[in-house]
Amino acid sequence: MGIKVTKFGGSSLANAEQFKKVISILKADADRRYAVPSAPGKRFSGDDKITDLLYKCHDIATAGKSIEQVFDKIRSRYMHIAQELGLDYSPEEELERICRNIQKGEKRDYVASRGEYLNGIILAQALGWDFIDAADVIFFDENGIFDAEGTNSAVAKCLSEHPYAVIPGFYGRRADGSVKTFSRGGSDITGSIVARAGGAELYENWTDVSGFMVADPRIVVNPAVIRTVSYRELRELSYMGATVLHEDAIFPVSHCGIPINIKNTNHPEDAGTMIVSDKSRDIREGLVTGIAGRKDFTVITLEKDMMNTERGFGRKVLTVFEEYGVSFEHMPTGIDTMSVVASDKELYGKKEEILNALKKSVHPDSVVAEDNLAIIAVVGRGMVRAVGTAGRVFSALSREKINVRMIDQGSSELNIIVGVDNEKFEAAISAIYNEFFN
Ligand code: ASP
């Protein structure tokens, strides 16, 4: 059979009880040969994540104070896990070394990475598997840019020498030998790198939910779970705010079409969500796959008679945004109108200057900025072939008396984007959800 690479998130390894679930998942299938752990996460709401405590220790040490009190919390979490698992191994020595290094002024990334490092050693001990230090096989260049190809060869070679191994997530090393981490949640990326290098048939990403929800559960009560989603759909949904998987985790596996299965450590029997190649035959033609959105955007609309005959109009408009360092999200156009949608965060402190610069550059009849806009993306690979999807989205919104301020259909026909007032955001998502899923 093929190889399965597994990644376990922080809540899956938050204490010894969770570790035991992980161990039994790994032992239940001999194809699960490589495990990528995160650092211990929260055991209950309000609890500390080990990574956050490590960042705190670094800040305290940088301020020249003693980390002992905060490090104690870290020490006791790991010591408990090792004891309750009944290991012969004790992480005590490693912990003391790390504590000394932090106090001596080790760099921030090294400090943050120790959560995964220690969890990797403990998990390897508990399983009787080999431990591969990610710093030996995952590389970044001198500018901190991830070296995908160098890493791929090094990981592939290393895996061929270790039939069963644990590789901690989240970090690697720079050309100068120092530790470098990915951005927060980056263990998902490590899992994807290992899956690619190992030629895995499946990348299992174990977390505390049974997959991606069609819509945010804080807005829609008990939303359906997405069974199958393509890499591209997922990219759209993650970009628009759906979280579960780090958005950069798709790239290593999508190159070679390895599917990702989001699974729940607390309910391993649940099928979870399969993330597959856009070309995969497994992909059933669903209509709407997911609904996601974000608040706080502004639309800047320019009007000018005969705009459509004026060559270079669009370029000049976008040049203004570029010069002010603002990246835009959407650009719906009409014959004599053009709108540019950007987040309030991007426009912060620059809006008035941009409006003035636009007036100078393209001499519009009018230019106005309207804020308080929320953007919702209705994503579905089946929409290309289906008639009437947009109609259903707009009917659902009009039934709830929600005014649509902006419409944009992604050029891939993978999504329909609608803009509504911030205050109507939740109601709009619920209305669209009910139209397609209830
Ligand atoms: N432990 C790191 C974080 O909290 C990385 C991860 O969990 O993937 O962001």
Side-chain angles (χ1 to χ4, degrees), residues 5-15 18-19 21-22 34-59 70-71 73-75 77-78 81 91 94-95 98 102 106-124 132-135 137-138 140 144 146 151 155 166-173 179-196 203-209 212 234 238 242-253 260-266 275:
V5 168
T6 56
K7 179 261 167 175
F8 293 91
S11 56
S12 302
L13 294 164
N15 56 23
Q18 291 299 92
F19 258 80
K21 293 182 191 169
V22 168
Y34 300 109
V36 174
S38 283
K42 294 184 183 185
R43 294 159 292 182
F44 43 84
S45 102
D47 192 21
D48 295 306
K49 278 183 164 192
I50 290 290
T51 310
D52 291 329
L53 292 175
L54 286 164
Y55 279 123
K56 210 173 188 174
C57 283
H58 177 263
D59 293 344
V70 179
F71 198 82
K73 291 191 192 173
I74 299 174
R75 186 184 286 119
R77 295 261 315 252
Y78 284 109
I81 292 173
E94 284 285 353
L95 281 160
I98 292 166
I102 302 176
E106 265 286 1
K107 295 214 182 74
R108 194 172 159 81
D109 279 12
Y110 163 86
V111 176
S113 72
R114 296 303 90 183
E116 271 71 12
Y117 172 80
L118 283 167
N119 243 14
I121 294 178
I122 293 174
L123 184 61
I132 298 173
D133 189 350
V137 287
I138 293 187
F140 296 86
F146 172 57
T151 295
V155 178
V166 177
I167 307 112
F170 193 36
Y171 70 93
R173 103 168 116 82
V179 166
K180 158 109 182 90
T181 63
F182 292 106
S183 57
R184 295 296 305 261
S187 302
D188 287 338
I189 309 174
T190 311
S192 184
I193 291 167
V194 174
R196 175 188 173 203
Y203 170 25
E204 290 180 335
N205 190 295
W206 292 82
T207 173
D208 55 3
V209 288
F212 274 97
L234 184 72
S238 318
T243 52
V244 168
L245 192 69
H246 192 296
E247 53 174 336
D248 294 341
I250 306 275
F251 298 117
V253 288
I260 308 173
N261 191 3
I262 306 287
K263 295 275 286 177
N264 189 344
T265 301
N266 304 319
I275 308 165

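As the structure lists them, so they are numbered: ligands from 1, and atoms in each ligand from 1. Just so it is clear, the structure is predicted and the values come from calculations on it, not from any experiment. As a basis for the values below, the full set of heavy atoms in this structure was taken, side chains included, without hydrogen atoms, waters or symmetry mates.
Within 4.0 Å of ligand 1, counting heavy atoms only, the contacting residues are S38, K49, T51, E116, F170, R184, G185, G186, S187.
Ion pair D47/K73 not flagged as a salt bridge, since none of the NZ, NE, NH1 or NH2 atoms sits closer than 4.0 Å to an Asp/Glu carboxylate oxygen. Ion pairing between D208 and K42 fails under the 4.0 Å rule for side-chain N and carboxylate O.
Proximity of a side-chain donor or acceptor of E116 to a complementary backbone N or O of A39 within less than 3.5 Å is detected. Without hydrogens or angle criteria, D188 side chain to A249 main chain gives no donor-acceptor distance under 3.5 Å. Put simply, the side chain of S192 never gets that close to the backbone of I250: no donor and acceptor are under 3.5 Å apart.
For the pair R196 and Y203, the NZ or CZ position fails the cation-pi test of under 6.0 Å to the six-membered ring centre and within 45 degrees of the ring normal.
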